[in-house]
Amino acid sequence: MMVGQHYRNRGPYTDSMERPPHGLLLVVSGPSGVGKTSIVHEVVRRFNGEFSISATTRAAGPGELDGRDYHFIDQARFQRMIDANEFLEYAQVFGRSWYGTPRAPVLAALAAGRVMVLDIDVQGADQVRARHPNMFGVFILPPSEEDLLRRLRARAREDEAAIEHRFAESTREIARAQKSGTFDSFVVNDDLARCTEKVCELLVTRLGRDAASTRH
Ligand code: 5GP
């Protein structure tokens, strides 16, 4: 009997039951403008990890590159990917655009024993936790609400109404993250270098624990 079959007869299917867990799935969430992108890319660099490139129906912003920052696709193609079960998770973010994590690159990276880093919202993180109970979830918090609003304005990618909408969504997302139980750690980004260090330390601790548990 196939191992996957065996597990499927006993309970809900999860990807981690289908394949034994290798590598580490790191999910980083946090409000827009909180510094997630820089943190995530530094973690990828230091751990020789891989960044999960999401698919999105939103348009590319200035400086963003298709295939590097996101796969920018239209609604019809996004729907085909949903129908073909190609997403590990997907969600409509801010009630507007759709975002999803392609499943195949994640499973390939984990099977190769690598750290796979996802920068996704809380709805997505909850879905990943359900499928991969062993994921490591880190939520990046702004030092204060005033600071978050300041950061959103400084990015100036959007007009004031859109910024205020993002701010309201962000405060709701923080509350949801704190209630969800999906995140292992909450790290305040009062200083980007310090926050990045903290996330890397947490990851080292987790990887050490995983290595010790596979030795026993
Ligand atoms: P932005 O449009 O500013 O790049 O991203 C908006 C939000 O969508 C961010 O909170 C980001 O973490 C989230 N996001 C990006 N990719 C994905 C994804 O594949 N799935 C989900 N659920 N959220 C995503």
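Note that ligands are numbered from 1 as they come in the structure, with each ligand's atoms numbered from 1 the same way.
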Closest approach of Phe186 to Leu141 (non-hydrogen atoms, all atoms of both residues): CB-CD1, 3.9 Å
- prompt: Which heavy atom in Ser97 sits nearest to a heavy atom in Arg58, and how many Å separate them?
  reply: OG-CB, 3.2 Å
Report the part of [X] in contact with ligand 1, treating N, CA, C, O as backbone and CB onward as side chain, heavy atoms under 4.0 Å; options are side chain, backbone, both, neither.
{"X": "Tyr70", "result": "side chain"}
{"X": "Thr101", "result": "both"}
{"X": "Gln92", "result": "neither"}
{"X": "Gln127", "result": "neither"}
{"X": "Glu89", "result": "side chain"}

message: Is there a polar contact, in the sense of an N or O pair closer than 3.5 Å, between Gly100 and ligand 1?
response: yes
query: If you measure every N/O of Glu64 against every N/O of ligand 1, is any gap under 3.5 Å?
result: no
Find all atoms of ligand 1 within a distance of less than 4.0 Å from any non-hydrogen atom belonging to [X], and give their numbers and elements.
{"X": "Ala91", "result": "22 (N)"}
{"X": "Lys36", "result": "9 (C), 10 (O), 11 (C), 12 (O)"}
{"X": "Arg166", "result": "2 (O), 3 (O)"}
{"X": "Arg58", "result": "1 (P), 2 (O), 4 (O)"}
{"X": "Gly124", "result": "22 (N)"}

field: Distance (rounded to the nearest 0.5 Å) between His132 NE2 and Leu88 CG
entry: 5.0 Å
field: CZ on Phe72 to CZ on Phe78, rounded to 0.5 Å
entry: 13.0 Å
Just list the side-chain donor-acceptor pairs under 3.5 Å for residues 33-42, sequence neighbours left out, or say none.
from	atom 1	to	atom 2	distance (Å)
Lys36	NZ	Gly30	O	2.9
Lys36	NZ	Asp119	OD1	3.4
His41	ND1	Thr37	O	2.9
Glu42	OE1	Arg45	NE	3.2
Glu42	OE2	Arg45	NH2	2.9
Glu42	OE2	Arg46	NE	3.0

field: Test side chain to side chain contact (heavy atoms under 4.5 Å, CB included) applied to Arg206 and Val138, Asn134, Val115, the passing residue
entry: Asn134
- request: Nearest heavy atom to atom 21 (C) of ligand 1 wins, so pick from Asp121, Val40, Val27.
  value: Asp121
Side-chain atoms of residues 142-149: list all donor-acceptor pairs with protein atoms under 3.5 Å, sequence neighbours left out, distances to 0.1 Å.
from	atom 1	to	atom 2	distance (Å)
Ser144	OG	Glu146	OE1	3.4
Ser144	OG	Asp147	N	3.1
Asp147	OD1	Arg150	NH2	3.3
Asp147	OD2	Arg151	NE	2.5
Asp147	OD2	Arg151	NH2	3.0

- prompt: Would Ser32 and Arg166 satisfy side-chain hydrogen bond (donor to acceptor under 3.5 Å, both in side chains), going step by step from the backbone distance to the final call?
  reply: CA-CA 8 Å; Ser32 322; Arg166 285 214 177 216; 3.0 Å; yes
message: Any carboxylate oxygen within less than 4.0 angstrom of a Lys/Arg side-chain nitrogen, looking at Arg172 and Glu169?
response: yes
